[in-house]
Amino acid sequence: MTNIPARRSLIAAAICGALSAPALVHADDGLALEEVLVTAEKRESSLQETPISLLAFSSERLERFGIGDLGDLAGLAPNVTMSPFPNSRSSMVVFMRGVGNNDSQTTQDPAIGVYVDGVYIARSVGLTGDVADLERIEILRGPQGTLYGRNTTGGAINMITAKPSDEFGVSQKLSFGNRDFWQSLTKLETGKHQGVAAKVTYMESSHEGWVKNTGAGDNFGEEKKKAGRVALRWDASDSVTVDYAYDFSEIDGPQHFYQKTRTLIPLPSLTVPASEERQESGTWWKPVEPSSTEISGHTLIVTWDSPLGEFKSITGYRELEETTHQDYGGGDQFFEANVEVEQDQFSQEFQLVGDIGTSVRYVAGLYYFEEESYESEVDFSLNPMVFPPTYPQSEGRQIDSDAKAYAVYSQATWTPEALESKLDVTLGARYTVDKRSARKNSIYFVNGEQSGSDEWSNFNPSITVDYNWTDELSTYAKVVTAYKAGGFNTRSTEAGFQPPFDEEEMTSYEVGLKSSWLNNRVSVNAAVFRADYTDMQTQQITDNSTIFLTDVYNVGEAQIDGFEIDMMAVLLRGLTLQLSYGYTDADFVEYIDQRGGSPTFGQDISAGAKMPYAPENNYSVGLDYQRGIGSGANTALLTASLDYSWTDERYGTAVNDDIEGFFLDDYGIVNARLALSEMSVGDGELEVAFWGRNLNDEDYKVHSISLGVYHAAVFGEPKSFGFDVKLSF
């Protein structure tokens with residue numbers, strides 16, 4: 001076990017050292033942190049003035065960390081965990097503050113809302129697809145039930161793309177690395193002509209994977225990606241702007257390799273390879289089959305600066321198709337899951353953001369969402385040498401589902417003059433109606449087709465009190481609520497499909513601080529929270545005759561306590577320290593065992609249950625250094641960065657007969673980048689960068705599972721390194 005008190009002492013020392021170091025530098029040296037602007041509250045504001053536990057990754061930081069998709073953020077945002085879903089590496093299991101959803105079925109919603117330019121992404125399938133041109137990613141920790149609505153009991157992630165520029169520009173970036181990695185990123189800006197500007201971005205990449213396949217087919221995890229985006233901006237008048245964008249993303253290649261890590265039942269065909277073989281090779285008696293994911297979407301945003309405020313219409317349509325083939329046998333063909341998913345969604349949101357005099361700011365909106373999906377999980381192929389004849393040798397299901405949601409919301413902030421306009425009181429409320437229907441056809445079971453439909457509604461109020469003690473220091477206290485819609489469990493027993501499980505709810509109490517020190521050379525933001533989690537939707541195995549079927553129940557309650565601290569400090573001219581730390585203490589208060597045949601069936605087993613994906617400690621530390629070099633026409637900007645991120649041990653399931661099979665060890669990752677940029681080449685600029693990820697070559701699990709006769713796990717990518725060359729005009 002890790003020495004947690006010692007680690008906390010080191011963190012405290014790092015904070016104290018960072019706070020004291022800038023005091024050695026005089027204010028007239030011009031050393032200050034740049035202002036970070038965010039749109040977390042539907043209007044542009046400074047991150048330091050937004051009373052939310054919030055992290056923002058600018059385009060520069062995204063490039064420095066090599067972030068092209070949501071999965072690349074894993075480990076960089078404390079109290080946020082991201083792991084691949086077992087049968088689809090394009091899907092992400094996202095948790096914040098111990099709240100999330102570890103399933104990707106189309107009839108159960110995630111608990112973390114993901115948005116691209118304000119358009120809600122309903123499915124976790126495809127979240128690891130590249131986004132061709134990101135300007136910023138905002139991570140809002142904690143429930144966001146008022147402005148973001150349903151399915152944000154854990155938090156929200158905003159992905160904001162870069163808009164077309166008024167000036168003409170072209171850039172080409174090429175990247176190369178070990179394991180035959182290469183990437184090409186092309187951007188073209190047309191500039192503004194008669195009020196219209198356009199931007200075209202295309203990205204393509206490939207790597208051979210990090211687990212060698214000694215059988216037929218590609219290496220495990222080998223991946224080819226494509227992503228593109230066309231963005232148009234039309235300034236129709238002085239008060240009306242129209243933005244349209246089309247984007248697509250494709251992922252092709254085999255799934256990750258499930259490595260056997262521990263044998264529970266000694267069978268000749270189930271041998272655990274030596275540790276030096278781990279992540280190195282796998283032998284399959286069937287060819288490795290490729291998987292594919294295709295995503296595309298259209299977004300239309302009309303913004304009108306009306307007399308009442310900024311009126312915005314956000315229209316989004318998205319669709320996805322995915323076919324995956326995953327063998328969980330680590331070479332023994334234990335069983336194979338073949339999954340097909342098709343989904344399309346349409347959403348329409350109207351927003352009005354404005355002010356009443358100088359003392360009231362408001363946001364109001366109407367929201368509509370609809371979704372249709374098809375899911376087929378068929379051909380569970382079992383190894384007859386492992387299972388007795390009483391087990392089904394194949395099983396599957398086909399599901400059609402529809403969902404609709406309606407909402408009205410409003411939030412108003414009042415700043416009375418009585419306290420020198422230092423106090424802000426914000427009241428918010430949202431009313432949501434969710435409807436869902438599903439039809440399930442079981443391929444193996446005799447009683448075949450079932451169907452059901454249900455409706456849920458919820459009212460989510462919130463209140464925030466924010467006091468600005470000085471221009472550099474503010475504190476806030478808030479009570480916020482959110483809920484996640486109910487649904488149907490497609491992986492259930494026949495008895496478990498009906499009735500549907502109900503919605504789950506969250507009430508969070510939070511006290512926070514936003515501050516800048518030493519003439520804005522240091523910023524320290526912190527939040528302490530307690531969340532009451534009720535009617536939790538949790539999966540349980542209820543039919544012991546087969547390990548493939550799980551039912552979802554509203555099993556009980558949990559209490560989550562914790563805090564976060566995010567700090568940036570200019571230590572010396574050009575040298576910046578970034579530190580983020582998160583602590584989570586998540587425990588079940590009540591957990592009713594619903595497992596059929598269990599000796600504790602119907603009893604409260606909260607004492608032995610584990611809150612999944614809730615590491616107690618996680619943090620990241622980074623150093624950035626910038627310095628101009630050369631003179632005259634031969635100048636360049638030298639940039640160097642070094643980052644370390646740590647994640648504590650955690651579990652991947654709440655309760656299971658073999659819960660240790662879902663255990664994930666703690667791990668730490670070192671990344672670094674060195675770049676020379678702003679080098680003149682004719683009329684253009686050249687940038688050359690060298691980078692390395694997981695430079696300490698940490699051997700760590702990103703997902704673990706118990707398969708009854710052995711444990712298996714997917715391991716994270718070993719050490720990788722390479723270089724970028726970018727030319728811009």
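Heavy-atom basis, side chains included; hydrogens, waters and symmetry copies ignored.
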Inset, instruction - Output yes when a side-chain donor or acceptor of Asn219 lies under 3.5 Å from a complementary backbone atom of Lys212, and no otherwise. - result: no
Inset, instruction - Walk me through it: do Leu473 and Leu513 pass the test side chain to side chain contact (heavy atoms under 4.5 Å, CB included)? - result: CA-CA 8 Å; Leu473 173 65; Leu513 170 145; 4.0 Å; yes
Legend entry - Asn617 and Trp646: CA distance, side-chain angles, deciding distance, side chain to side chain donor-acceptor pair (under 3.5 Å) verdict: CA-CA 8 Å; Asn617 300 277; Trp646 170 272; over 6 Å; no
Inset, instruction - Working to the nearest 0.5 Å, report the span between CG of Leu76 and CZ of Arg61. - result: 8.0 Å
Legend entry - Under 3.5 Å side-chain donor-acceptor pair for Asp624 and Gln578: yes
Inset, instruction - May I have the step-by-step check of side chain to side chain contact (heavy atoms under 4.5 Å, CB included) for Leu676 and Ile629, ending in yes or no? - result: CA-CA 9 Å; Leu676 275 176; Ile629 60 175; 3.5 Å; yes
Legend entry - Min side-chain heavy-atom separation Thr576-Leu33 under 4.5 Å: yes
Inset, instruction - Check whether more than 12 heavy atoms from other residues, nucleotides or ligands sit under 6.0 Å from atom CG of Asp697, and answer yes or no. - result: yes
Legend entry - Main-chain N/O of Ser46 paired to Thr50 side chain as donor or acceptor, under 3.5 Å: yes
Inset, instruction - Step by step, work out the side chain to side chain contact (heavy atoms under 4.5 Å, CB included) result for Glu678 and Thr635. - result: CA-CA 7 Å; Glu678 300 181 7; Thr635 61; over 6 Å; no
Legend entry - Enclosure of Lys226 NZ (heavy-atom neighbours >12, cutoff 6.0 Å): no
Inset, instruction - Show your reasoning for whether side chain to side chain contact (heavy atoms under 4.5 Å, CB included) applies to Leu638 and Leu674. - result: CA-CA 8 Å; Leu638 173 67; Leu674 179 66; 3.6 Å; yes
Inset, instruction - Quick one: pull up NZ in Lys224 and OG in Ser205 and give me the separation to the nearest 0.5 Å. - result: 10.5 Å
Legend entry - Donor-acceptor pair between Asn525 and Gln48 side chains, under 3.5 angstrom: yes
Inset, instruction - Provide the closest heavy-atom pair for Ile251 versus Ser90 in the form atom of the first, atom of the second, distance. - result: CD1-CB, 3.9 Å
Legend entry - Plane angle bin for His207 and Trp210 - parallel if under 30°, tilted between 30 and 60°, otherwise perpendicular: parallel
Legend entry - Min side-chain heavy-atom separation Tyr202-Leu188 under 4.5 Å: no
Inset, instruction - Inspect the surroundings of CZ in Phe721 and state if more than 12 heavy atoms from other residues, nucleotides or ligands are less than 6.0 Å away. - result: no
Inset, instruction - Please report the shortest heavy-atom distance between Tyr700 and Glu717, naming the atom on each side. - result: OH-N, 3.8 Å
Legend entry - Under 3.5 Å: donor-acceptor pair, side chain of Gln144, backbone of Gly142: yes
Legend entry - Polar contact flag, side-chain donor to acceptor under 3.5 angstrom, Asn618-Thr647: no
Legend entry - Whether Ser249 side chain and Ile295 backbone form a donor-acceptor pair below 3.5 Å: no
Inset, instruction - Output yes when Asp724 and Arg673 qualify as a salt bridge under the 4.0 Å nitrogen-oxygen rule, no when they do not. - result: yes
Legend entry - Least distance between heavy atoms, Leu185 atom then Lys187 atom: CD2-CE, 3.9 Å
Inset, instruction - Please confirm whether the backbone N or O of Ile52 pairs with a side-chain atom of Lys514, one donor and one acceptor, at under 3.5 Å? - result: yes
Legend entry - Qualifying residues under salt bridge (Lys or Arg N to Asp or Glu O under 4.0 Å), relative to Arg233, sequence neighbours excluded: Asp243
Inset, instruction - Using a 4.5 Å cut-off on heavy atoms from C-beta on, say whether the side chain of Arg141 contacts that of Glu564. - result: yes
Inset, instruction - Check step by step if side chain to side chain donor-acceptor pair (under 3.5 Å) holds for Ser165 and Glu189. - result: CA-CA 7 Å; Ser165 170; Glu189 301 265 14; 4.9 Å; no
Inset, instruction - Could you check Glu63, Glu687, Glu204 and say which one makes a salt bridge (Lys or Arg N to Asp or Glu O under 4.0 Å) with Lys173? - result: Glu63
Legend entry - Side chain to side chain, Leu47 and Glu138, heavy atoms closer than 4.5 Å: no
Legend entry - Lys719 NZ: over 12 foreign heavy atoms closer than 6.0 Å: no
Legend entry - Donor-acceptor under 3.5 Å (Tyr115 side chain, Tyr148 main chain): yes
Legend entry - Separation between CG of Asp424 and CZ of Arg361, rounded to the nearest 0.5 Å: 5.0 Å
Inset, instruction - Look up atom OG in Ser720 and atom CG in Asn671, then write down how far apart they are to the nearest 0.5 Å. - result: 8.0 Å
Legend entry - Sole residue of Lys199, Arg136, Arg229 in side chain to side chain donor-acceptor pair (under 3.5 Å) with Thr161: Arg229
Legend entry - Considering all heavy atoms, the nearest Met96-Val80 contact: CG-CG2, 3.8 Å
Inset, instruction - Identify the two heavy atoms, one from Ala40 and one from Asn158, that lie closest to each other, and give their separation to 0.1 Å. - result: CA-ND2, 4.4 Å
Inset, instruction - Check whether any side-chain heavy atom of Arg43 lies under 4.5 Å from a side-chain heavy atom of Asp355, and answer yes or no. - result: yes
Inset, instruction - Flag the pair Tyr667 / Lys701 as yes when at least one side-chain heavy-atom distance between them is below 4.5 Å, and no otherwise. - result: no
Inset, instruction - Look at the side chain of Ser83 and the backbone N and O of His703, then say whether any donor-acceptor pair between them is shorter than 3.5 Å. - result: no
Legend entry - Contact summary for Leu695 and Ala672, nearest pair of heavy atoms: CD1-CB, 3.7 Å
Legend entry - Euclidean distance, Thr475 OG1 relative to Tyr467 OH, rounded to 0.5 Å: 9.0 Å
Inset, instruction - Taking the side chain as every heavy atom from C-beta outward, state whether Glu649 and Asp665 have any atom pair closer than 4.5 Å. - result: no
Inset, instruction - Using a 4.5 Å cut-off on heavy atoms from C-beta on, say whether the side chain of Val170 contacts that of Leu727. - result: no
Legend entry - Phe176 side, atom CZ; Trp182 side, atom CH2 - distance, nearest 0.5 Å: 8.5 Å
Legend entry - Gly668 backbone acceptor or donor facing Asn696 side chain under 3.5 Å: yes
Legend entry - Side-chain donor-acceptor pair present, Gln172, Thr186, cut-off under 3.5 Å: yes
